Number of protein chains: 2
Amino acid sequence: MAVNTQFSIAVHLMAGLACGCDAGVTSGHLAESVNTSASFVRRTLAKLSKAGLVETATGKAGSCWLAKDAKTISLLDIYEAVDAPKAFSIHNYSAQDKCYVSCHIKTALEKALAKTQQAMESSLAEISLAQIVADVKKK
Amino acid sequence: MAVNTQFSIAVHLMAGLACGCDAGVTSGHLAESVNTSASFVRRTLAKLSKAGLVETATGKAGSCWLAKDAKTISLLDIYEAVDAPKAFSIHNYSAQDKCYVSCHIKTALEKALAKTQQAMESSLAEISLAQIVADVKKK
DNA sequence: CTTAACTGTGACTATTATAGTAACAGTTAT
DNA sequence: ATAACTGTTACTATAATAGTCACAGTTAAG
């Protein structure tokens with residue numbers, strides 16, 4: 001798979017942490033839920049930790065837990081934490097001097113796509129982890 | 001590169017067509033502007049053609065042109081025409097029965113991300129090809 | 001009616017981002 | 001001392017995408 005799923009995996013992990021906050025949740029537990037290796041989970045977890053969304057304890061009986069209340073964590077926080085790719089990527093080519101479209105399309109596109117990216121991020125900011133967890137529990 | 005640039009290339013092509021509408025624009029001309037092969041251009045052009053955004057003529061002196069006024073073409077039209085990937089893809093894993101997060105996260109995520117996708121598409125719908133062309137010409 | 005110059009399309013290769021794994025050093029309860 | 005974690009690096013495998021090649025189909029022009 002060459003599709004980026006970091007973000008959705010990260011949300012899965014965060015939801016897992018939000019639900020299992022009673023017991024000490026390990027990367028192994030989470031890996032089982034996501035169906036991948038503990039190592040892969042830990043790498044994503046590391047990013048969430050650096051972003052201050054998750055706290056961890058090393059050593060025997062080490063574990064992970066949410067650093068904040070799920071209500072105060074938005075999907076945008078998670079999106080930014082895992083530095084998922086932008087919604088759009090612009091092709092990079094060497095501009096042909098004699099063609100003004102070729103020379104200026106890139107900046108024009110960047111300007112337009114910045115707006116779109118902004119719209120997407122605003123939308124993500126409005127969804128909290130708590131909402132996701134509520135949805136998961138409802139079913 | 002495993003990053004999808006279909007969309008930005010398609011906009012580049014459309015801008016090229018919008019600007020060079022006087023002369024017969026060929027896939028070769030466009031390829032030069034984008035700095036890729038004519039064949040690759042034609043394949044993207046084919047999608048735009050199927051979507052009714054572009055018309056083409058085969059045979060000697062064949063060429064391409066916009067099917068509609070640039071003012072009436074939105075970036076969303078182009079986005080849909082090239083069926084660019086969704087902003088987010090959800091990881092696919094086999095759900096672990098004993099874990100309810102694992103079982104239900106997917107539908108919860110889909111619901112949340114549908115909103116985000118919608119926000120993005122609305123934003124794209126508000127930008128017309130004509131605006132892009134104006135930006136390109138301004139500089 | 002032959003040739004030249006296009007489009008349209010299928011089949012192929014190369015690239016590279018990403019998923020996923022393995023291994024091991026560092027840490028800390030027991 | 002040992003067991004069971006985290007944190008991190010290095011590696012392999014996969015697959016989406018870019019990009020190329022080749023050729024059939026079409027049409028204007030000589």
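Treat the numbers as computed from the prediction; the structure is a model and nothing was measured. So that the names make sense, note that chain A is the first sequence line, chain B the second, and so on, each numbered from 1.
For A/Ala81, the side-chain contact (heavy atoms from CB on, under 4.5 Å) partners two or more places apart in sequence, or in a different chain, are A/Leu48, A/Ala51, A/Leu53. With sequence neighbours excluded, no residue forms a side chain to side chain donor-acceptor pair (under 3.5 Å) with A/Thr44. Residues forming a side-chain contact (heavy atoms from CB on, under 4.5 Å) with B/Ala112 (at least two apart in sequence, or on another chain): A/Leu75, A/Ile127, A/Ile132. Among residues two or more places apart in sequence or in another chain, the side chain to side chain donor-acceptor pair (under 3.5 Å) test is passed with A/Lys47 by A/Gln6. Annotation: side chain to side chain donor-acceptor pair (under 3.5 Å) contacts of B/Lys111 (sequence neighbours excluded): A/Asp135. A/Glu121 meets the side-chain contact (heavy atoms from CB on, under 4.5 Å) test with A/Leu76, A/Tyr79, A/Glu80, A/Lys86, A/Gln117; sequence neighbours excluded. The side-chain contact (heavy atoms from CB on, under 4.5 Å) search around B/Ser49 returns none, not counting sequence neighbours.
Spacing between atom CH2 of B/Trp65 and atom C1' of C/dT7 amounts to 11 Å, rounded to whole angstrom units. Distance, A/Leu30 CG to D/dC5 C1': 13 Å, rounded to whole Å. B/His91 places its NE2 atom 19 Å from the C1' atom of C/dA17, with the value rounded to the nearest Å. When rounded to the nearest whole Å, the span between CZ of A/Arg42 and C1' of C/dG20 equals 13 Å. Between the C1' atom of C/dT15 and the CZ atom of B/Phe40 lies a distance of 13 Å, rounded to the nearest Å. Atom CG of A/Leu13 and atom P of C/dA19 are 12 Å apart (whole Å).
The ring pair (Phe, Tyr, Trp, His ring centres under 6.0 Å) contacts involving residues 25-49 of chain B comprise nothing, where partners must be two or more places apart or lie in separate chains. Residue pairs that meet the side-chain hydrogen bond (donor to acceptor under 3.5 Å, both in side chains) test with at least one member in residues 52-69 of chain A, sequence neighbours left out, are A/Glu55-A/Trp65.
Along DNA chain C, the nucleotide nearest to B/Thr26 and the one nearest to A/Ser37 differ in position, and the one closer to the 5' end is contacted by B/Thr26. The residue among B/Ser63 and A/Thr36 whose nearest nucleotide of DNA chain C lies closer to the 5′ end is B/Ser63.
Axis angle between the ends of the helix from C/dC1-D/dG30 to C/dT30-D/dA1, five pairs each and rounded to 10 degrees, works out to 0°.
Side chains of A/Val11 and A/Ser8 form no contact here, defined as non-hydrogen atoms less than 4.5 Å apart. Counting only heavy atoms from C-beta outward, the side chains of A/Ser128 and A/Thr72 never approach each other to under 4.5 Å.
Between D/dT6 and A/Ser27, a contact under 4.0 Å exists linking OP1 or OP2 to a side-chain N or O. When the side-chain nitrogen and oxygen atoms of B/Thr5 are compared with OP1 and OP2 of D/dT17, none of them lie within a distance under 4.0 Å. In terms of phosphate contacts, A/Gln6 brings a side-chain nitrogen or oxygen within less than 4.0 Å of OP1 or OP2 of C/dA19. Between A/Ser39 and C/dA22 there is no side-chain polar atom (N or O) within less than 4.0 angstrom of OP1 or OP2.
Atom OG1 of residue A/Thr5 and atom CD1 of residue A/Ile9 lie 3.5 Å apart, to the nearest 0.5 angstrom.
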With sugar-phosphate taken as primed atoms, P, OP1 and OP2 and all else as base, the protein-contact string of nucleotides 24-30 of chain D at under 4.0 Å (heavy atoms; B, S, -) is --BBB--

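Residues from residues 43-57 of chain B with heavy atoms under 4.0 angstrom of DNA chain D, sorted by number: B/Arg43.
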